[in-house]
There are 2 protein chains.
Amino acid sequence: MRKNKRDELVEKAMETFYRNGFHATGMDMLVAESGISKTSMYKHFKSKEDLILAALGLREQQFHDWSTKRVCELASEPKDQLLALFDVLGEWFREDTFKSCMFIKASSEYPEPDHPIHQQTVEQRNTMYQGVLALVEAAHLKNPEALARQLLMLQEGAIITAHFGNSDDPAGEAKKAAKALIDAAS
Amino acid sequence: MRKNKRDELVEKAMETFYRNGFHATGMDMLVAESGISKTSMYKHFKSKEDLILAALGLREQQFHDWSTKRVCELASEPKDQLLALFDVLGEWFREDTFKSCMFIKASSEYPEPDHPIHQQTVEQRNTMYQGVLALVEAAHLKNPEALARQLLMLQEGAIITAHFGNSDDPAGEAKKAAKALIDAAS
DNA sequence: GACTAAATGAACAGATCGGTACACCTTGCT
DNA sequence: AGCAAGGTGTACCGATCTGTTCATTTAGTC
């Protein structure tokens with residue numbers, strides 16, 4: 001056996017929740033798509049909510065690892081890495097499995113601020129902010145906190161625009177805007 | 001009778017869907033919250049989907065009317081109106097009923113591109129884009145299409161940031177970024 | 001081969017889902 | 001008074017939801 005059944009389940013569940021939504025995906029659908037029995041599911045996770053939390057955790061880890069790896073491959077200087085972030089976004093948008101951001105979707109479907117799922121999405125965004133802030137500070141740019149949030153807003157906006165499909169190259173347009181902001185803060 | 005029962009229903013349904021989500025809101029909950037009988041609901045709308053479409057239509061009209069009115073009250077020159085858009089966003093974010101954007105949430109919950117609900121959200125975003133583009137062109141700024149999309153991305157990003165609650169003044173920060181982009185295109 | 005741990009299939013429970021049927025009750029108009 | 005339109009309340013349908021039960025099967029280890 002190459003892989004833990006549990007990990008297979010979380011991976012498949014992540015894909016299905018991402019593609020199909022959380023409320024719209026029933027446990028029976030996960031049984032059908034993952035090939036894992038419902039009995040095993042509830043042996044590993046005591047509820048659907050627990051499975052969603054695990055799926056979000058896997059998503060966060062996979063996306064973080066992939067994006068930081070790609071950014072480092074594309075650029076080495078902090079300022080260039082800030083811009084490379086948008087190239088990586090563009091690669092993501094062009095994947096045919098792209099369906100907006102899983103955390104934005106999760107926070108939409110679980111809007112109560114103190115819901116565990118909502119909280120996990122907020123924490124993921126905080127982590128993203130800390131990453132961008134570290135790059136901004138390493139690049140010695142002015143007003144680092146505000147600039148980091150503005151760059152993050154451009155990323156969020158690019159994701160939403162890519163999702164609505166009203167632009168051919170949202171990542172490229174966001175990158176140009178980011179360049180203007182970074183140049184102004186140099 | 002001051003108001004049509006149908007209109008009362010759509011208004012209440014809009015609020016409940018916006019606050020609670022679409023899949024998570026059942027017709028029985030709408031009966032409880034609106035005080036309108038289920039029989040009447042299905043006399044006016046043949047399905048939940050039809051009611052959601054009507055609620056989105058009302059939202060689009062209300063938000064469009066309110067935001068354009070506020071923008072015109074705050075500024076008269078096109079360039080100033082582009083910036084005033086972000087002040088209006090800030091007013092919206094500070095409402096205690098603010099829960100992200102109803103159309104972003106709807107497109108998340110109905111991700112299939114050819115679903116009527118998804119299509120209605122895409123059309124709403126196209127309308128927003130046309131509005132911003134008209135202002136950009138009236139202000140005689142360079143690269144109007146790209147600039148309009150970049151400004152729209154800042155708005156989308158501000159909405160998401162406001163929703164995640166990681167910033168005290170997302171609209172103000174987005175406005176400063178927008179100002180930099182507009183100045184660079186003058 | 002015997003033991004153990006993990007996974008399976010299928011039936012089931014109780015609740016809720018979207019949607020319908022039907023008898024009754026207001027209300028306004030003539 | 002009589003009529004018609006629109007609204008109400010309740011019970012109900014079949015499907016689907018999350019979650020459970022249980023007997024059986026598989027796979028690895030001593």
Side-chain angles (χ1 to χ4, degrees), chain A residues 1-58 105-106 108-112 115-118 120, chain B residues 1-58 105-106 108-112 115-118 120:
Chain A
M1 206 189 318
R2 315 206 1 229
K3 235 186 180 180
N4 203 338
K5 282 269 175 190
R6 193 195 124 112
D7 295 344
E8 288 181 29
L9 168 59
V10 176
E11 180 114 25
K12 266 291 174 190
M14 186 200 73
E15 293 172 13
T16 306
F17 283 134
Y18 177 55
R19 172 172 29 86
N20 198 60
F22 298 91
H23 287 98
T25 300
M27 301 300 273
D28 290 329
M29 184 186 292
L30 292 178
V31 169
E33 294 215 7
S34 72
I36 283 141
S37 68
K38 198 192 268 195
T39 318
S40 295
M41 286 185 182
Y42 279 97
K43 208 149 271 177
H44 288 301
F45 301 96
K46 73 172 201 294
S47 67
K48 181 183 180 181
E49 181 179 314
D50 269 29
L51 179 55
I52 292 175
L53 289 171
L56 288 176
L58 176 64
K105 297 169 83 163
S108 287
E109 288 207 44
Y110 298 91
E112 310 90 359
H115 192 292
I117 293 177
H118 192 97
Q120 183 152 337
Chain B
M1 208 190 310
R2 316 208 0 231
K3 236 185 181 182
N4 204 340
K5 282 268 174 190
R6 194 194 122 111
D7 294 343
E8 287 180 30
L9 167 59
V10 176
E11 180 115 23
K12 267 290 176 193
M14 186 199 74
E15 293 172 13
T16 306
F17 284 134
Y18 177 55
R19 172 173 27 86
N20 196 59
F22 299 90
H23 286 99
T25 300
M27 300 301 272
D28 291 329
M29 185 187 290
L30 292 178
V31 169
E33 296 214 4
S34 72
I36 283 142
S37 69
K38 201 193 263 196
T39 317
S40 294
M41 285 185 181
Y42 280 95
K43 209 149 271 179
H44 288 301
F45 300 96
K46 72 173 202 293
S47 67
K48 180 183 182 182
E49 183 180 312
D50 268 29
L51 180 54
I52 292 175
L53 289 171
L56 289 175
L58 177 64
K105 298 170 84 166
S108 288
E109 289 207 46
Y110 299 89
E112 311 90 358
H115 192 292
I117 294 177
H118 192 97
Q120 183 152 337

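Chain naming here is simple, since letters A, B, ... match the order of the sequence lines and numbering starts at 1 in each.
Annotation for A:Ala106 and A:Ile117: closest pair CB-CG2, 4.2 Å, computed over non-hydrogen atoms. Here the closest heavy-atom approach between residue A:Met41 and residue A:Ser34 is recorded as CE-OG, 3.8 Å.
Side-chain N/O atoms of A:Lys5 include one lying less than 4.0 angstrom from OP1 or OP2 on C:dT8. A:Thr39 has no side-chain polar atom (N or O) that falls below the 4.0 Å cut-off from OP1 or OP2 of C:dT8. Within the structure, a side-chain polar atom (N or O) of B:Lys48 is placed less than 4.0 Å from OP1 or OP2 of C:dG18. A close approach under 4.0 Å does not occur between any side-chain nitrogen or oxygen of B:Tyr42 and OP1 or OP2 of C:dT20.
Side-chain atoms of A:Glu109 come within 3.5 Å of backbone N or O of A:His23 as a donor-acceptor pair. In this structure, A:Gln120 contributes its side chain and A:Leu53 its backbone to a donor-acceptor pair below 3.5 Å.
Using the six-membered ring where Trp is involved, B:Tyr110 and B:His115 have ring planes that are tilted, between 30° and 60° apart.
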One pair to check against side chain to side chain contact (heavy atoms under 4.5 Å, CB included): A:Leu9 and A:Leu51. What are the steps and the verdict?
CA-CA 9 Å; A:Leu9 168 59; A:Leu51 179 55; 4.2 Å; yes
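Closest-nucleotide positions on DNA chain C for B:Lys43 and B:Lys46 were compared, and the one nearer the 5' end corresponds to B:Lys46.
Which of C:dG18, C:dA7, D:dG7 sits closest to the side chain of A:His44 comes down to C:dA7.
Figure legend: cation-pi geometry between A:Lys105 and A:Tyr18, with NZ or CZ positioned under 6.0 Å from the six-membered ring centre and within 45° of its axis.
The CE-P distance, from B:Met41 to D:dG7, rounds to 12 Å in whole Å.
Comparing the end axes of the helix from C:dG1-D:dC30 to C:dT30-D:dA1, each fitted to five base pairs by superposing C1' atoms of four pairs onto the next four, gives an inter-axis angle of 0° (nearest 10 degrees).
DNA chain C is contacted by A:Gly35, A:Ile36, A:Ser37 of residues 15-38 of chain A, taking any non-hydrogen atom closer than 4.0 Å.
Residues in residues 45-57 of chain B take part in no side-chain hydrogen bond (donor to acceptor under 3.5 Å, both in side chains) pair, two or more places apart or across chains.
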